[in-house]
Amino acid sequence: MERYVSLADPQEIADLIDDYLLARNYSLTEQSRELVRNVLAPFRSHAPMLRADLIGFLDTMIAPAR
């Protein structure tokens, strides 16, 4: 899953990951990026996905672990 779908246009998943980490005040380390990539792994076979769906999924899977 290299790209996701926003309402405007497709973007790189790496950008979504960095945006997510910054918005949630997580550090931009390779370890935190890898964690998010691993959490998003189930979506690889379901691309394209809406940005809002991916962010909601990440909030459900990652934010409670804080």
Side-chain angles (χ1 to χ4, degrees):
M1 181 177 74
E2 293 178 15
R3 295 178 184 269
Y4 66 92
V5 175
S6 70
L7 294 177
D9 62 338
Q11 290 187 303
E12 299 295 325
I13 196 67
D15 293 336
L16 171 97
I17 291 171
D18 283 356
D19 289 349
Y20 179 80
L21 291 170
L22 288 172
R24 301 304 186 269
N25 294 318
Y26 290 111
S27 60
L28 285 180
T29 64
E30 199 49 45
Q31 287 115 348
S32 60
R33 289 178 177 121
E34 185 66 21
L35 171 78
V36 175
R37 278 193 293 272
N38 288 336
V39 169
L40 289 175
F43 284 107
R44 287 188 179 138
S45 61
H46 297 92
M49 297 296 298
L50 293 176
R51 176 187 173 92
D53 293 341
L54 294 173
I55 295 296
F57 178 75
L58 289 171
D59 282 342
T60 301
M61 298 302 292
I62 293 174
R66 274 191 138 178

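Basis for what follows: all heavy atoms, side chains included, without hydrogens, waters or symmetry-related copies.
A side chain to side chain contact (heavy atoms under 4.5 Å, CB included) with Val36 holds for exactly one of Leu16, Ile62, Ile13; it is Ile62.
Val39 and Phe57 make their closest contact through O-CE2, 3.2 Å (heavy atoms, listed as atom of the first residue, atom of the second, distance).
The structure places CG of Leu28 at 11.0 Å from CD1 of Ile17, a figure rounded to the nearest 0.5 Å. Atom CG in Leu35 sits 9.5 Å away from atom CG in Leu40 (nearest 0.5 Å).
When side chains are defined from C-beta on, Arg51 counts as touching Asp19, because their heavy atoms get closer than 4.5 Å.
Residues meeting the salt bridge (charged side-chain N to carboxylate O under 4.0 Å, His left out) test with Asp18, sequence neighbours left out: Arg33. In this view, Glu30 and Arg37 satisfy the side chain to side chain donor-acceptor pair (under 3.5 Å) rule, not counting sequence neighbours. Partners of Thr29 by side chain to side chain donor-acceptor pair (under 3.5 Å), not counting sequence neighbours, listed by chain and number: Ser32.
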